[in-house]
Amino acid sequence: MELKGIPASPGIVAGEAYLYSPQALPVQKERFPAVEVPLQLEAYRQLRQKAKRQLEALRRRLERQGQPERAEIFAAHIDILFDTALNEEIGEMLEVQHFALPWTIHQVYEKYIHLLRQAKDGLIRERADDLRDVKNRLLRLLAQAPEESLRALCKPVVLVAEGLLPSDAAVLDGGKVLAIVTAGGGATSHSAIIARGYQIPALVGVAGVTERVASGQRVIVDGLTGWLLIDPAPQIEAAYQLRQQQYATSQARSRAYLEARPCTADGVPLTIYLNIAAATPQELEGAPYVDGVGLFRTEFLYMGRQELPTEEEQVGIYRRVLGCFGSRPVTLRTLDIGGDKPLAGFSPTQEANPFLGNRGIRFCFGEPEVLRTQLRAALRASVAGHLRILFPMVGRLEDIHRAKGFVEEAKRSLEAQGLPYASGIPVGVMIEVPAIAIMADVVAQTVDFAALGTNDLCQYLTAVDRENAVVTEYYQPYHPAVFRLLRHVTKEFVAAGKPLCLCGELGSDPLALGVLVGLGLRQLSMSLASVASTKRLLAGLTVAQAERLAAAVMQMSDAGQVKDFLREELRGFWE
Amino acid sequence: MYTKQTVIKNATGLHARAAADFVGLAGKFQSKIVIRSLADGGEANAKSIIMVLSLGLSQGSAVEIFARGSDEVAAVDALVAWIEENVDG
């Protein structure tokens, strides 16, 4: 049997399942006699002290183990334990209604859990889990139920559960858990974070898993694709074992390069930035291994929701991302969406050629409030780090001037309110419309930096919609024209002394890397998954070799020739 | 009753550690203290970290702090001063 979930931590593993379902804690709706009020209040105070001692012990243990962030979680639990509002209500309920302690605690905590679940900010919603965790701890102490059995696993298992709370993680024996599979949760849930911390595969959102899997059953967890295989046939297991080995080998080799400074074999340094699309903690984990964010896509804030993101919400998220990178640049791209995509508060329009239509900066010029709010939020957040602003789908100089005008207007409006923003924020454009690529010399004089969006650039340049199944064969990232245009743009930006970063898929393509470096590119932006392998590839290449590759490609006439040539050159590199 | 308005300037808004410190300070006063978000009218008992967190105040949020009790003036002044001094940049 196979179940599908969301991959939350990469890797592949086979093992025995262990179904973890914490005992339901008994909560009877009963009352105590009025005369017992002082006794119950005192019992509650003592219970709280006991819980506090447990939490402090946990915190100290985690600090000793060198895990200050996880230790901090339990310090926050102590704050919750002593929260004024919570405790006032518990006291009142005991004094006035005389409900038994477990019931009272359950009622009041659930009320606040519900309150936090209503919050718009996802980080605040997650605090609801912390409240639940503290509540469970109090109820466990009252029931004198043992701390969870996760501490005493006697052999390595695949943990299967509805979900995991911070307290579960704290007692988890990392050495004995092969993988984590939960029915609930998303990529930012505790289960996902714990698994990534232990570098074991994890799947979340596997609906019904606790009913379908029994302890002792053999399972395969594929954290790369999201599949859970239950009782797999021997040949399936063998195939998975092979994939597991290949993955492990490749990871080990590349991982050695993750922390390295990116440079060529002859010591020429490159800048490697991160592409991020949702600002999840998972994406931001790559922060220590890169030089900043080359492309912070902001569409996630606008899609799949009922309302447009408020300025406040945006400020909070942008600040968080900027804060992760300190003095390293974070390049925020303004809303890059087409009128044909579902956007909160807008009915999708029908365009005959959406790709050539109202999208990117054009869409934003048509909806100035949306752009204004985003820019204000970005500027307000800019004090938290090193912000760069990037405009998408710019096709002419007038667009650049108009966009810059919006930035200036946003600055004026903040000044009028006495709100600060960083000085000297670089403003740049995506180079994806061929017209602007050809005018690179003029563009380089008009902007502070630029980012090459090779995915769209290739589509526009070769006139192919890569999502159109009928013409897929015509979409050729290795078309010589693409490389020639890249050479032109790079040359002009180098001459003007302005930074140019390549943020499309081509930047993480092992076949193309040498050519890009040979053409003069020194900044690449990519997803975390490609960082280590890119650094590894760079370290095996000198600039002279890269230039030789580029020169050869410049002489070629078709994509097939280019691909075959590059494949031949790279043969044997990945063994 | 005594009330004052201010704007949160702290880098991380009133989240996490900042919230805990703010609430700790509020707890030192006798008066009943409420912090209100001017953007959406949400109110919270300033002595409850859960309630303050639920407001989700970020940098730039305009708030009103009002207190009722024997030390209401000292309480509001102290909390507003704290907010205005805590600029993490």
Side-chain angles (χ1 to χ4, degrees), chain A residues 69 72-73 75-89 108-109 111-128 130-131 134 310-320 322-323 376-377 379-385 414 417-422, chain B residues 5-63 67 69 75 79 83-89:
Chain A
E69 310 84 26
E72 183 61 29
I73 293 176
H77 283 198
I78 295 175
D79 286 339
I80 289 170
L81 197 57
F82 286 91
D83 183 270
T84 306
L86 202 80
N87 281 281
E88 259 175 39
E89 270 195 59
V108 178
Y109 267 84
K111 171 180 161 186
Y112 285 91
I113 288 169
H114 181 75
L115 179 74
L116 288 184
R117 284 253 157 82
Q118 310 293 82
K120 283 201 217 118
D121 187 339
L123 283 178
I124 298 184
R125 282 202 300 275
E126 278 174 20
R127 296 309 290 277
D130 289 307
L131 256 79
V134 176
T310 62
E311 189 176 305
E312 294 306 318
E313 188 188 340
Q314 291 186 60
V315 173
I317 292 171
Y318 299 157
R319 293 206 70 119
R320 193 159 50 80
L322 283 165
R376 273 180 51 105
L379 289 169
R380 279 172 60 188
S382 66
V383 297
L414 289 179
Q417 290 178 291
L419 289 171
Y421 55 89
Chain B
Q5 291 187 4
T6 184
V7 175
I8 310 263
K9 297 197 179 70
N10 186 36
T12 42
L14 217 49
H15 279 217
R17 231 44 242 161
D21 294 340
F22 175 83
V23 167
L25 179 58
K28 297 201 163 90
F29 296 97
Q30 276 256 352
S31 310
K32 185 161 147 60
I33 311 173
V34 173
I35 176 168
R36 190 160 78 93
S37 160
L38 291 175
D40 58 24
E43 286 188 2
N45 177 349
K47 298 181 188 178
S48 162
I49 188 155
I50 297 173
M51 305 252 33
V52 169
L53 280 179
S54 73
L55 289 182
L57 298 167
S58 59
Q59 195 210 34
S61 293
V63 297
L79 288 169
I83 286 177
E84 293 183 348
E85 273 152 38
N86 275 276
V87 186
D88 269 16

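Chain letters run A, B, ... following the sequence lines, proteins first and then strands; every chain starts at 1.
Among the residues in residues 75-85 of chain A, those with a non-hydrogen atom closer than 4.5 angstrom to a non-hydrogen atom of chain B are D79(A), I80(A), D83(A), T84(A), A85(A).
Contact annotation: the side chain of V34(B) never approaches that of N45(B) to less than 4.5 Å [non-hydrogen atoms, C-beta and beyond]. Within the 4.5 Å cutoff, the side chain of R380(A) has heavy atoms near those of the E312(A) side chain. Residues T6(B) and V63(B) form a side-chain contact, since some pair of their non-hydrogen atoms from C-beta on lies under 4.5 Å apart.
L414(A) does not touch chain B: none of its heavy atoms, backbone or side chain, sits under 4.5 Å away.
Looking at R319(A) and Q314(A), their side chains never bring a donor and an acceptor atom within 3.5 Å of each other.
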task = Give the intermediate values and the outcome of side-chain contact (heavy atoms from CB on, under 4.5 Å) for residues M51(B) and V23(B).
result = CA-CA 10 Å; M51(B) 305 252 33; V23(B) 167; over 6 Å; no

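Taking 4.0 Å as the cut-off between side-chain N and carboxylate O, K47(B) and E88(A) do not count as a salt-bridged pair.
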